Structure formats: C-alpha cells, structure tokens
Amino acid sequence: IHAREWIAPSTALFIANKLITSTDIEIKNLLNVYDFYIMPSANPDGYEYSRTSDRMWRKTRSNNPSFWGLFCRGVDPNRNYGFHWGSAGSSSYPCSETYHGKAPFSEPETKAISDYILSKKDNIKMYIAMHSYSQFILTP
C-alpha cells in the first residue's frame, strides 16, 4: 500500500504463484476450503512515481491544495481508512508523509479496497496488507 515498498507486490505475486502451482497437499486442501483474493498493488500511481521520480515516495498521488497556501501531493493510504481516522500517528498537514487525507476513504485506492471488502464481509476471514519495513503484525 505504501508506494516505496517495492518488495511487497513481488511478495504477493510470489504467494499467488505458489498457491497456483503448488503440488503440496496441504496447500491444495486450503484452496479447496478458502478463496484467496490477492491485490499485488493497492497504490499503482504512487508505486510508479517511486520508481521513476522519488524512490522514497510513500503516499498516493492525489492533489492536496491546502489552506496553508501550499500544494502537496498524496495521502498516506494506511491512514486514510475510517477506523480511528485522524488519530495518533497521522497528520492533518497535507505535506506530511503521514497525512490522513481530507476525510476517511477520500482516496480512490482506499475507497475501492473498503467497498470490495464490505461486499464480501460475510465471507472474508482475514485481511493482510503486505509491507516491507520492520517485523510487525499490525492490527486496527
């Protein structure tokens, strides 16, 4: 979901490939019981920008004119979800790397993910967002 975490989409694709091509009976049993929905890249515009212009870019690429008279791009997609939106760890300053956006789900990326998950809420047992920094399991 963060643009600069290039290994995360590759890891998601690696997992998808293993699920599809594995001959392991335990994996086949998992596939008989569960459906897997894998989105290798949740922030394609930011990802491409981090590849071509700013290697450490982390946010989306939306326009954010602000009342400070500045024009800064992007929203931290991790901090744009509705659960505890705008709380500790996020910023209301559009130029901040942790800018949470003007409202929950203001970004098309987070809105699309939320809508999709809600459309399958009775069937989804787990949601995992892949990141490449640190060794944490983060929960809402």
Side-chain angles (χ1 to χ4, degrees):
I1 209 163
H2 287 139
R4 65 185 176 204
E5 298 181 10
W6 294 355
I7 196 67
S10 298
T11 301
L13 290 171
F14 176 82
I15 291 168
N17 183 62
K18 285 297 179 185
L19 288 170
I20 293 167
T21 62
S22 178
T23 57
D24 185 308
I25 193 67
E26 290 177 8
I27 291 177
K28 288 186 176 286
N29 287 339
L30 274 176
L31 292 172
N32 286 330
V33 176
Y34 299 104
D35 291 327
F36 289 77
Y37 304 93
I38 298 173
M39 181 186 329
S41 179
N43 182 7
D45 295 339
Y47 178 83
E48 182 61 14
Y49 185 76
S50 77
R51 287 185 358 80
T52 59
S53 299
D54 181 351
R55 172 62 184 96
M56 294 309 289
W57 186 260
R58 114 190 216 132
K59 301 190 298 183
T60 63
R61 294 294 298 151
S62 57
N63 295 324
N64 294 317
S66 74
F67 59 86
W68 287 285
L70 301 170
F71 179 82
C72 298
R73 281 195 172 271
V75 169
D76 180 345
N78 261 14
R79 288 162 174 83
N80 190 240
Y81 288 90
F83 188 80
H84 290 277
W85 179 83
S87 62
S90 71
S91 175
S92 61
Y93 178 54
C95 297
S96 169
E97 282 200 340
T98 58
Y99 175 53
H100 53 65
K102 61 185 178 223
F105 304 110
S106 61
E107 298 305 285
E109 296 88 348
T110 57
K111 178 74 172 123
I113 293 168
S114 174
D115 289 349
Y116 186 77
I117 289 172
L118 288 174
S119 77
K120 303 213 173 282
K121 68 182 178 194
D122 295 332
N123 297 323
I124 292 180
K125 307 296 182 206
M126 179 180 7
Y127 170 82
I128 298 172
M130 305 292 288
H131 291 270
S132 61
Y133 183 80
S134 205
Q135 296 178 3
F136 296 117
I137 296 177
L138 305 171
T139 60

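Just so it is clear, the structure is predicted and the values come from calculations on it, not from any experiment.
Taking CD of Glu107 as the reference point, atom CD1 of Ile1 lies at 10.5 Å (rounded to 0.5 Å). The CH2 atom of Trp85 sits 7.5 Å away from the OG atom of Ser106 when rounded to the nearest 0.5 Å. Remark: Cys72 SG to Tyr99 OH distance equals 9.5 Å, nearest 0.5 Å. Distance CG/Asp45 to OG/Ser50: 11.0 Å, rounded to 0.5 Å. How far NE2 of His100 is from OG of Ser87: 8.5 Å, rounded to the nearest 0.5 Å. The structure places CD1 of Ile15 at 4.0 Å from CE of Met130, a figure rounded to the nearest 0.5 Å.
The salt bridge (charged side-chain N to carboxylate O under 4.0 Å, His left out) analysis of residues 80-93, with sequence neighbours excluded, yields no pairs. Evaluation of the side chain to side chain donor-acceptor pair (under 3.5 Å) test over residues 14-30, restricted to residues two or more places apart or in two chains, returns none. Counting only residues at least two apart or on different chains, the salt bridge (charged side-chain N to carboxylate O under 4.0 Å, His left out) pairs with a member in residues 85-106 are Arg4-Glu97.
In the hydrophobic clustering of ILVMFWY residues, with side-chain heavy atoms under 4.5 Å counting as a link, Phe36 and Ile27 come out together. Both Tyr127 and Met39 belong to a common hydrophobic cluster when Ile, Leu, Val, Met, Phe, Trp and Tyr are linked at side-chain heavy-atom distances under 4.5 angstrom. Leu13 and Ile38 sit in two unconnected hydrophobic clusters of ILVMFWY residues. Membership requires side-chain heavy atoms under 4.5 Å apart, directly or through other members. Follow the hydrophobic side-chain contacts under 4.5 Å out from Val33 and you reach Leu19 in the same cluster. Cluster membership for Met56 and Val75, using ILVMFWY side-chain heavy atoms within less than 4.5 angstrom, is not shared.
Annotation: Tyr34, atom OH; neighbour count of heavy atoms from other residues, nucleotides and ligands within 6.0 Å does not exceed 12.
The two residues Gly89 and Thr98 make their nearest non-hydrogen contact at O-CB, 3.7 Å. Residues Tyr47 and Ala3 come closest through the heavy atom pair N-CB, 3.4 Å.
A donor-acceptor pair is defined here as one N or O able to donate and one able to accept, closer than 3.5 Å; such a pair exists between the side chain of Lys59 and the backbone of Ser96. Proximity of a side-chain donor or acceptor of Glu109 to a complementary backbone N or O of Ala42 within less than 3.5 Å is not detected.
Under the salt bridge (charged side-chain N to carboxylate O under 4.0 Å, His left out) criterion, Arg51 pairs with Glu48, sequence neighbours left out. With sequence neighbours left out, Asn63 forms a side chain to side chain donor-acceptor pair (under 3.5 Å) with Arg73.
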Can you give me every donor-acceptor pair (side chain of residues 117-126, partner residue at least two apart or in another chain, under 3.5 Å) with its distance?
{"residue": "Ser119", "atom": "OG", "partner": "Tyr116", "partner atom": "O", "Å": "2.7"}

Ring pair (Phe, Tyr, Trp, His ring centres under 6.0 Å) assessment of Tyr81 paired with Phe105: CA-CA 5 Å; Tyr81 288 90; Phe105 304 110; 5.8 Å; yes
Residue pair Asn64, Phe71: steps toward the side-chain contact (heavy atoms from CB on, under 4.5 Å) verdict: CA-CA 6 Å; Asn64 294 317; Phe71 179 82; over 6 Å; no
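Test Thr110, Asn43, Asn80, Asp76 against Thr60 for side-chain contact (heavy atoms from CB on, under 4.5 Å) and you get one pass: Asn43.
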